[in-house]
Protein chains: 2
Amino acid sequence: MKTPRYRRRKEDRPKEIVAAAFAEFAEHGYAATKVEDVAARAGVSKGLTYLYFKTKEDLFRAVIRNVVGERLDALIDVVEQEQLSGEAFLRGPMLDFMKRVPDSPIPVVIQLLLAEGGRHPDLVKYYFDNIVAKGLQAIRRFVARGVARGEFRVTAVNELPQLFLAPVVLAMIWRLLFPERTLDTDKLMEAQLEMILAWIKV
Amino acid sequence: MKTPRYRRRKEDRPKEIVAAAFAEFAEHGYAATKVEDVAARAGVSKGLTYLYFKTKEDLFRAVIRNVVGERLDALIDVVEQEQLSGEAFLRGPMLDFMKRVPDSPIPVVIQLLLAEGGRHPDLVKYYFDNIVAKGLQAIRRFVARGVARGEFRVTAVNELPQLFLAPVVLAMIWRLLFPERTLDTDKLMEAQLEMILAWIKV
DNA sequence: TTCCTTGCTGACCGGTTGGTCATTAATTAT
DNA sequence: ATAATTAATGACCAACCGGTCAGCAAGGAA
């Protein structure tokens, strides 16, 4: 009984290579990552990588597009259902979501786009449209609905949904830059939400 | 009258090269920047760059260290003078400072450190100690002093001076990632400060 | 004017790595 | 079994770029 030296797995190879590339890019950054290392991590030869992805840049694009926001979509569903009061939504699902972001793949994508985005405006646009704009729009609608319901006052928050994201962004950058310096990111999110709530509640 | 092909300017060359390197790094990132392009931008030959900086990495370090926080020191001086009330300080010098950061060289440094920081832990530490920690400590003392004076309540802000920086960080990242998408960063800072003020005022 | 010091140049080298392709072998069809 | 197909390999190439260095010329000294 001899085991074959490799198995043909046309279906799974691409996603495995993308996953390996994500890990390598996250560790060393795009430029410093060698295609051969990606291949090695995926348990594959360098040549095979080039069978599924024309260039290293192609692979980069695949990595970015692969990390999509399923969690964001789930959150938007919750807010659109209008079951919860504004306050309950913020203290519940919204807070949970915000707490989870720093540990998700999103920070890595931000990091990669910051480093390489200049040469990939289409990728930046893709991310802006599918993640950032979508999220901001949902928050905007949420705040407006709260006002319509008589739960919230009209404040600067109506035009600046970024106020909700500010601590999330800080938490992401902090973790990326200073992974060893502890920062209670959960408490940060909670404090920001409490402040906003106190500010906008009627 | 023949003009010499070059002039000897031992004194000025280093800072000119560092300035050119900063510009190139900001445009293309560290890895994608060729030393030859830096030299060209500084109006100098590649060889000369290596006369003043042993390696490309050395040049990188010089660039990072060169961008120091004089403005931050000035701000800290103001807060330490204790002339202004807590509220007046926040609405005046603090707000001005926050508004200026996104247009300063700091975002570029953040960008570079995010991309290359992993391989330069000493530079990250340098920046943390000299900019981040210093700033946070100053804010922490400021809030504590407000409490001692009876101006502020004790809140989560006492332990989380990062709440002041959150919109600044978001503004920086936004500008770096989406330079063409307008965001009223001034209004963002103002709103955050108003919220914090309303939250902590006695 | 001549000589000396040294800031500065630019041709060159060698290691690294993105990308290719002839070959091999796992799988399927006959 | 055997042939046909194609997933997968890995040796190889060529360009690119960080870093070197022998020599040139600017500026000062005598």
Side-chain angles (χ1 to χ4, degrees), chain A residues 1-25 27-64 112 115-116 118-120 123, chain B residues 1-25 27-64 112 115-116 118-120 123:
Chain A
M1 165 105 192
K2 69 171 198 292
T3 58
R5 300 209 298 139
Y6 56 82
R7 220 169 283 270
R8 294 177 154 204
R9 301 200 344 271
K10 184 188 167 81
E11 315 295 314
D12 303 331
R13 294 302 194 197
K15 62 183 82 148
E16 289 174 9
I17 293 169
V18 166
F22 177 85
E24 289 288 323
F25 288 163
E27 261 178 47
H28 311 114
Y30 173 78
T33 295
K34 298 168 232 175
V35 174
E36 201 161 357
D37 291 348
V38 171
R41 188 167 198 141
V44 138
S45 72
K46 185 166 79 157
L48 191 66
T49 304
Y50 281 95
L51 187 64
Y52 294 112
F53 304 94
K54 277 233 306 286
T55 67
K56 186 186 179 186
E57 217 176 284
D58 238 47
L59 182 56
F60 179 69
R61 287 160 182 274
V63 167
I64 298 295
L112 290 173
E116 300 295 319
R119 264 174 302 284
H120 301 278
L123 281 181
Chain B
M1 165 101 190
K2 66 172 200 294
T3 58
R5 303 209 295 141
Y6 57 82
R7 222 169 282 271
R8 297 176 154 199
R9 301 199 346 270
K10 183 187 167 79
E11 313 296 314
D12 302 331
R13 294 302 194 195
K15 61 182 83 147
E16 288 173 9
I17 293 170
V18 166
F22 178 85
E24 289 288 323
F25 289 164
E27 262 178 46
H28 311 115
Y30 172 77
T33 295
K34 298 169 235 178
V35 174
E36 201 163 358
D37 290 348
V38 171
R41 187 166 198 142
V44 138
S45 71
K46 184 164 78 156
L48 190 65
T49 304
Y50 281 95
L51 188 63
Y52 294 112
F53 304 94
K54 275 231 309 284
T55 65
K56 186 186 180 186
E57 216 176 284
D58 238 46
L59 182 54
F60 179 70
R61 288 159 182 275
V63 166
I64 298 295
L112 290 173
E116 300 296 320
R119 266 173 301 284
H120 302 277
L123 280 181

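First the proteins, then the strands, lettered A, B, ... as listed; each starts at 1.
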With the side chain counted from C-beta on, respond yes when A:Lys34 and A:His28 share a heavy-atom pair under 4.5 Å apart, and no when they do not. no

In dot-bracket form, 5' to 3', how is DNA chain D paired? Count Watson-Crick and G-U wobble pairs only if both distances fall under 3.5 Å, and write | where the partner sits on another strand. ||||||||||||||||||||||||||||||

Quick one: closest heavy-atom pair of A:Ala62 and A:Val18, and the distance? CB-CG2, 4.0 Å

Non-hydrogen atoms of A:Lys56 and A:Thr33 that approach each other most closely: NZ-O, 2.8 Å

I want to check something: taking the side chain as every heavy atom from C-beta on, are B:Glu116 and B:Glu57 in contact at a cut-off of under 4.5 Å? no

Show the distances under 3.5 angstrom between N or O atoms of the protein and N or O atoms of nucleotides 6-8 of chain C.
residue : atom : partner : partner atom : Å
C:dT6   : O2   : B:Arg8  : NH2          : 2.1
C:dG7   : O4'  : B:Arg8  : NE           : 3.4
C:dG7   : N2   : B:Tyr6  : OH           : 2.6
C:dC8   : OP1  : B:Arg7  : O            : 3.1
C:dC8   : OP1  : B:Arg9  : N            : 2.6
C:dC8   : OP1  : B:Arg13 : NE           : 2.9
C:dC8   : OP1  : B:Arg13 : NH2          : 3.3
C:dC8   : OP2  : B:Tyr52 : OH           : 2.8

Any A:Val63 side-chain heavy atom under 4.5 Å of A:Tyr30 side chain: no

Is there side-chain contact between B:Lys10 and B:Tyr52, with heavy atoms separated by less than 4.5 Å? yes

Whole Å only: how far is the CD atom of B:Glu11 from the P atom of D:dG27? 14 Å

Can you name the closest pair of heavy atoms from B:Arg119 and A:Ala32 and give their distance? NH2-CB, 3.9 Å

What N/O pairs connect the protein and nucleotides 15-18 of chain D at under 3.5 Å? Give each pair on its own line.
residue : atom : partner : partner atom : Å
D:dG18  : OP1  : B:Thr33 : O            : 3.4
D:dG18  : OP1  : B:Lys56 : NZ           : 3.2
D:dG18  : OP2  : B:Val35 : N            : 3.1
D:dG18  : N7   : B:Lys46 : NZ           : 3.0

What distance separates A:Phe25 CZ from A:Leu59 CG, expressed to the nearest 0.5 Å? 4.5 Å

Could you tell me if the side chain of B:Val35 sits less than 4.5 Å from the side chain of B:Phe53, heavy atoms only? no

Is A:Arg9 salt-bridged to A:Glu16, cutoff N-O under 4.0 Å? yes

Sorted by position of nearest nucleotide on DNA chain C, 5' first, the leading residue of A:Lys54 and A:Arg5 is A:Lys54

